There are 2 protein chains.
Amino acid sequence: MKRITIKDLSKFLSLSTSTISRALLHDKNVNEETRKRILDAAEKLGYKPNLTALNLQSGQSKTIGFVVPEMITPFSAKVLKGIQNILYPLGYRIIITQSDEDSCIERKNLQLLEEFNVDAIIINLCHETYNNDIYQHIMKQGTPLIFFDRIPHESLDVSKVIVNDYIKASLMVEYLIKTGRKRIVHMMGPATIRNAMERVNGYKRILMKYNIFDENLIVQADGMTFEHGKKAIKQLISKNIEFDSIFAFSDTLALGAMNYLHEQKIRIPDDVAVASFSGTELSSMVFPQLTSVQQPLEKMGEIAAELALEKIKNNSSPSKCIMMDAELIYRAST
Amino acid sequence: MKRITIKDLSKFLSLSTSTISRALLHDKNVNEETRKRILDAAEKLGYKPNLTALNLQSGQSKTIGFVVPEMITPFSAKVLKGIQNILYPLGYRIIITQSDEDSCIERKNLQLLEEFNVDAIIINLCHETYNNDIYQHIMKQGTPLIFFDRIPHESLDVSKVIVNDYIKASLMVEYLIKTGRKRIVHMMGPATIRNAMERVNGYKRILMKYNIFDENLIVQADGMTFEHGKKAIKQLISKNIEFDSIFAFSDTLALGAMNYLHEQKIRIPDDVAVASFSGTELSSMVFPQLTSVQQPLEKMGEIAAELALEKIKNNSSPSKCIMMDAELIYRAST
DNA sequence: GTGAAAGCGCTAACAC
DNA sequence: GTGTTAGCGCTTTCAC
């Protein structure tokens, strides 16, 4: 089923390919009559432009790389949706790679995207710093890098999309306090993730403000999975440290913790309230439904895509850091 | 940061572009000495082949479309992983589109993929039949269509990857009976999905075999979301129909049901056991962890990708229907 | 207002 | 064993 090309049209209409091209591009230098004939013929014969040829010509690959740490929660999928909203209508393809929270895989993914000659890369880091050399290498090649959610340290001059982790964590913790909780555990994410530090700092600030800070209430998950969350809370309990609530770095960690609490017949929220930070459907698919900081993920994807487009148009355009607002959603777990 | 091309190499080495090309392609018609010089230079200057040029040349887009009904559960992401395993190393891009369980969106997505001129499409249907015309249209264009999980009726001559829904549903239901359950509810998926019919038939067969079939125990969810599952079980309960277990069409529906049971303080599995059909991490992230039919999703993705490659190589190669084995995983919910 | 021709980066058929 | 050339589908000078 050979595709109709501009050449076919040119033969069919006994016109040069350039005229056809012009008509198709709405160039004014085409007789109205001719234009119509061409458009009709194109329609009738089912002409579709060959994107590959256009890309070769323009020197772009019209492909954007999207690098995410995981796709087990709907987090990345929602951001992806936003990116697609913006980029698909513009004819961009999106190549997705999953890093499985592993910096080595992330590294390989970035190399893969380099092979693919992507026009830009939108990325949510695994762990900060480990791959800094590659980020810089890629940028030096002239490929714009846009970060969202988990971003690297200031050192890199890149555009970013984030929420105010520090403030939102503070607000969530303060909310827990207002509902009468005093022994609030923070299940912290890996310290190599900048957001983990922001959130723990927000947490600390509030607990100190209310004079109820206790170092022992911070538990560090060794990783980002459900099992890590479960294990962390198990250890805490085995140490006989009392607590009446948990503020977790992510939905996944929170779910792990909740699962263990359930197993131990600890009631949520009666005995222990649970809150998290994320904003995916996951929070409302468990029991009890989870109170959490809801990030505007789809919107974040859209913004990230727009930042990418800006940089594609002009790579030396100034980098922006867009701070999005996030909403606290109160559900049954608190 | 202009990319190094074969022409640059040719100038740099004072050789023709064809010799360079040959060396790079490991063509034997190149002097060993020359070959080495070329490869060294390519390495040193950081030569990367321009995939767009290759694609234009070969007439392929080296792009595969992937159409899925949703990405809220990790289901599609796992299949995607399998597809990526096979296709990324071969230089294929994968374009993902999400249909949100809506046939209209699926339709638009398929049209989008047509614009992108993909070499093949791997698809998990929303609802059967509604878009049959488009499937046929696409195939007539010469674009291979590979179905997995939810497949269309026999009428289409396409390759497919599935599990034996009928048998596995039977086994799961039989397992529930063996654990002493007698009033087993089946929460059925939309009848427009072939698998829903297969699974309900498997369910029926076993209940009839044990002489405990009761029409009232089949509830039909109006859709595929968590809320649909919740609503369906709520209605059942409001009708005062007694039951001691649920076999749900999908994880998502099962979770909705579980949520409602929890709300009503109905104990799982003590009062009501719950089992589902799927095979994602979701089943082990809830409480109690969910017994389910675990499909080898990543493997299914790999097979689907291979089937796609077969068809790309030779579109008239015979269509295959690969039936994968699925495992019953017994967890705390039963 | 239209056509001829060059060129994007690469491969392959054809010379030599 | 190497070079020349054409061509993949398209846009875009440059002529006329």
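These figures come from a predicted structure and were not determined experimentally. Letters A, B, ... are given to chains in the order of the sequence lines, protein chains preceding strands, and every chain is numbered from 1.
For A:Asn314, the side chain to side chain contact (heavy atoms under 4.5 Å, CB included) test picks out A:Ser316, A:Ser317, with sequence neighbours left out. A search for ring pair (Phe, Tyr, Trp, His ring centres under 6.0 Å) contacts involving A:Tyr130 returns A:His127, not counting sequence neighbours. For B:Asn117, the side chain to side chain donor-acceptor pair (under 3.5 Å) test picks out A:Arg3, with sequence neighbours left out.
Near DNA chain D, meaning a heavy atom under 4.0 Å from it, residues 17-28 of chain B has B:Ser18, B:Thr19, B:Arg22 in order of number.
Side-chain atoms of B:Arg107 and B:Asn131 include a donor-acceptor pair closer than 3.5 Å.
Atom C1' of nucleotide D:dC10 and atom CZ of A:Arg3 are separated by 12 Å, given to the nearest angstrom. A straight line from CG of A:Asn29 to C1' of D:dC14 spans 13 Å, rounded to a whole angstrom. In this structure, B:Glu32 atom CD and D:dT2 atom P are separated by 11 Å, rounded to whole Å. The distance from atom CD1 of A:Ile4 to atom C1' of D:dC10 is 16 Å, rounded to the nearest whole Å. For B:Leu13 and D:dG1, the CG to C1' distance is 16 Å, given to the nearest whole Å. The separation between A:Gln60 atom CD and D:dT11 atom C1' is 14 Å, rounded to whole Å. What separates CD1 of A:Ile38 from P of D:dC10 is a distance of 13 Å, to the nearest Å. If you take CG of B:Asn50 and C1' of D:dG9, they are 14 Å apart, rounded to a whole angstrom.
Note: A:Phe116 and B:Tyr88 have perpendicular aromatic rings, judged against thresholds of 30 and 60 degrees for the angle between ring planes.
Taking 4.5 Å as the limit, some side-chain heavy atom of B:Phe12 sits within range of a side-chain heavy atom of B:Lys44. Counting heavy atoms from C-beta outward, A:Val158 and A:Ile146 have side chains that stay 4.5 Å or more apart. Counting only heavy atoms from C-beta outward, the side chains of B:Leu113 and B:Thr97 approach each other to under 4.5 Å.
Atom NZ of A:Lys299 has 12 or fewer neighbouring heavy atoms from other residues, nucleotides or ligands inside a 6.0 Å radius.
In the helix from C:dG1-D:dC16 to C:dC16-D:dG1, the end axes, each obtained as the rotation axis mapping the C1' atoms of four pairs onto the next four within a five-pair block, lie 50° apart to the nearest 10 degrees.
Among the atoms of the strands shown, none is found under 4.0 Å from any heavy atom of B:Ser58. At the heavy-atom level, B:Thr34 lies under 4.0 Å from the strands shown only through sugar-phosphate atoms.
Rounding to the nearest 0.5 Å gives a distance of 6.5 Å between CG of B:Asp102 and SG of B:Cys126.
The residue among B:Asn31 and A:Leu54 whose nearest nucleotide of DNA chain D is located toward the 5' end is B:Asn31.
At least one donor-acceptor pair closer than 3.5 Å links the side chain of A:Ser159 to the backbone N or O of A:Lys320.
Note that the first and last nucleotides of DNA chain C, 5' to 3', having any atom under 4.0 angstrom from a heavy atom of chain B are C:dC8 to C:dA13.
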